[in-house]
Amino acid sequence: MKKGVFLAAGAAVVVVVPVLFLGGSGDNTTTVAAALDLKQVPQAYQQWITKAAGTCPEVTGPLLAAQIDTESGWNPNAVSDKGAQGLSQFMPKTWADVGIDGDGDGRADPLDPADAIMTQAKYDCALAGQMKNDLKQNTVSGDLLSLTLAAYNAGADAVEQNHGIPPYPETQQYVRDIIAKMAAYSAPVGNGSEQSVFGAQVVAAAMKYKGTPYSWGGGDPNEGPTYGADQGAGTKGFDCSGLVQYAVYQASGGKILLPRTSEIQATMGQAVPDQSLLKVGDVIAFQLGAPGDFDHIGIYVGDGKIIHAPHTGDVVKISDLSEFSGKTMAFRRFG
């Protein structure tokens with residue numbers, strides 16, 4: 001486990017931008033919707049990225065755009081030293097198996113942007129389906145987004161043989177690069193949603209576990225969901241403060257390790273004086289029980305909503321702030 005850095009009160013806290021990411025933890029895999037920022041996509045490819053993003057729920061506009069950015073830098077004529085071709089860098093053998101005629105011109109060509117993008121989405125969907133099944137069978141571990149990207153880069157067989165992301169530096173860097181780049185291709189939405197790479201990485205970490213069971217005492221800043229304590233001992237998941245701790249730690253590359261409890265997290269970072277000043281990614285702590293005891297915490301995702309791990313029997317999910325009407329809240333910001 002890496003050693004993190006505790007932030008003293010008054011230090012900066014969390015900024016989270018809602019982005020479209022694959023969720024994933026066994027049977028609780030889910031998808032969180034957010035918009036593609038078309039301004040960041042070359043005009044010639046905008047219609048095809050938009051169309052391809054509807055291929056399956058697991059494949060999104062920001063994901064496709066970030067992949068192309070990483071694969072070819074938006075060069076439709078790119079050819080790698082290994083023979084991969086086009087925007088989406090398909091190897092000839094793979095293209096022969098999965099390539100489709102995306103624009104209906106009568107031929108499937110990896111150097112044709114429409115064909116490449118539509119095939120990329122189809123292939124991503126197939127890999128996501130395969131990885132989702134592997135997660136359900138407990139033959140691999142990890143989150144669905146990362147596993148799907150690793151399978152695209154190294155092959156599904158390599159992921160399955162290694163029971164997760166293969167120990168290949170190229171593949172591991174590939175996964176990190178695309179998840180980071182998704183922020184740049186995600187449109188800010190909702191109330192106070194300034195774009196932030198760090199914020200997008202926080203939301204990526206939290207959103208990919210949407211649907212994961214609540215587990216009291218569960219959650220590790222490195223590992224993600226874990227078996228909790230006492231009533232959470234039989235369930236692998238997160239409690240509220242475990243989710244916040246994990247998301248911030250992951251987004252900061254292990255540099256920010258928040259305290260483990262919501263009561264202390266509620267005192268960290270920069271105070272936001274009023275709810276009207278909230279920005280996406282601010283952390284909101286709640287007094288649900290005894291006065292003065294901030295016994296719950298979540299991450300603001302804009303439009304009056306938070307992502308949080310509510311209680312035993314529930315799952316990590318998006319909720320309206322209106323559900324906490326009348327409760328005392330504390331607003332904190334990292335960044």
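Side chains are part of it too, since the values below use all heavy atoms of this structure and drop only hydrogens, waters and symmetry mates.
- Y152 and E71 share no side-chain donor-acceptor pair at under 3.5 Å.
- The minimum heavy-atom distance linking L87 with S72 is given by the pair O-OG, 2.7 Å.
- If you chain together hydrophobic residues whose side chains sit under 4.5 Å apart, W95 and L111 never meet in one group.
- Scanning for salt bridge (Lys or Arg N to Asp or Glu O under 4.0 Å) contacts around K305 gives D320, with sequence neighbours left out.
- Nearest heavy-atom pair across P92 and G83 is CD-O, 3.6 Å.
- With respect to the salt-bridge test (charged N to carboxylate O, under 4.0 angstrom), the residues D103 and K51 do not qualify.
- How far CZ of R260 is from OG of S241: 4.0 Å, rounded to the nearest 0.5 Å.
- By the 4.5 Å side-chain criterion applied to Ile, Leu, Val, Met, Phe, Trp and Tyr, Y214 is assigned to a cluster that also includes W216.
- Atoms OG1 and CG, from T328 and D293 in turn, are 11.5 Å apart once rounded to the nearest 0.5 Å.
- The two residues Q287 and G292 come nearest to each other via the heavy atoms OE1-N, 2.8 Å.
- Contact record, K317 with P310: CE-CG, 3.7 Å, taken as the closest heavy-atom pair.
- No side-chain heavy atom of T212 sits less than 4.5 Å from a side-chain heavy atom of V315.
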S319 and H308: CA distance, side-chain angles, deciding distance, side chain to side chain donor-acceptor pair (under 3.5 Å) verdict = CA-CA 8 Å; S319 296; H308 65 142; 2.7 Å; yes

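- Contact check for T94 versus D97: no side-chain heavy atoms found under the 4.5 Å cut-off.
- A ring-centre distance under 6.0 Å is found for Y246 and Y209.
- Looking at heavy atoms from C-beta onward, V98 lies in side-chain contact with F90 at the 4.5 angstrom threshold.
- Taking CG of L145 as the reference point, atom CE of M131 lies at 13.0 Å (rounded to 0.5 Å).
- I165 and Y168 fall into different hydrophobic clusters, where Ile, Leu, Val, Met, Phe, Trp and Tyr are joined by side-chain heavy atoms under 4.5 Å apart, directly or via other members.
- Two different hydrophobic clusters hold F294 and V272 under the rule that ILVMFWY side chains link at heavy-atom gaps under 4.5 Å.
- D69 pairs by the salt bridge (Lys or Arg N to Asp or Glu O under 4.0 Å) definition with K181, not counting sequence neighbours.
- Closest of all the heavy-atom pairs between A52 and T55 is O-OG1, 2.6 Å.
- When side chains are defined from C-beta on, D134 counts as touching E160, because their heavy atoms get closer than 4.5 Å.
- A salt bridge is defined here as a Lys NZ or Arg NE, NH1 or NH2 lying under 4.0 Å from an Asp or Glu carboxylate O, and E170 with K82 meets this definition.
- The side-chain hydrogen bond (donor to acceptor under 3.5 Å, both in side chains) analysis of residues 104-121, with sequence neighbours excluded, yields the pairs Q67-Q120, S88-Q120, R107-D109.
- Separation of atoms OG1 (T148) and CG (L127) is listed at 6.5 Å; rounding is to 0.5 Å.
- Annotation: disulfide bond (SG atoms under 2.5 Å apart) contacts involving residues 277-322, sequence neighbours excluded, are absent.
- Counted by atom type alone, D143 and S146 present one or more donor-acceptor pairs between their side chains at under 3.5 Å.
- A distance of 5.5 Å separates CG of L278 from CD of Q275, quoted to the nearest 0.5 Å.
- Using modelled atom types, one finds no donor on one side chain facing an acceptor on the other under 3.5 Å when comparing D177 with T70.
- In this structure, CD1 on I306 lies 6.0 Å from CD1 on I284, to the nearest 0.5 angstrom.
- By the neighbour-count criterion of 12 heavy atoms within 6.0 Å, atom CD of Q173 is densely surrounded, having more than that number from other residues, nucleotides or ligands.
- Between I49 and I68, the shortest heavy-atom contact is CD1-CD1, 3.7 Å.
- Residues that satisfy the ring pair (Phe, Tyr, Trp, His ring centres under 6.0 Å) test with Y45, not counting sequence neighbours, are W74.
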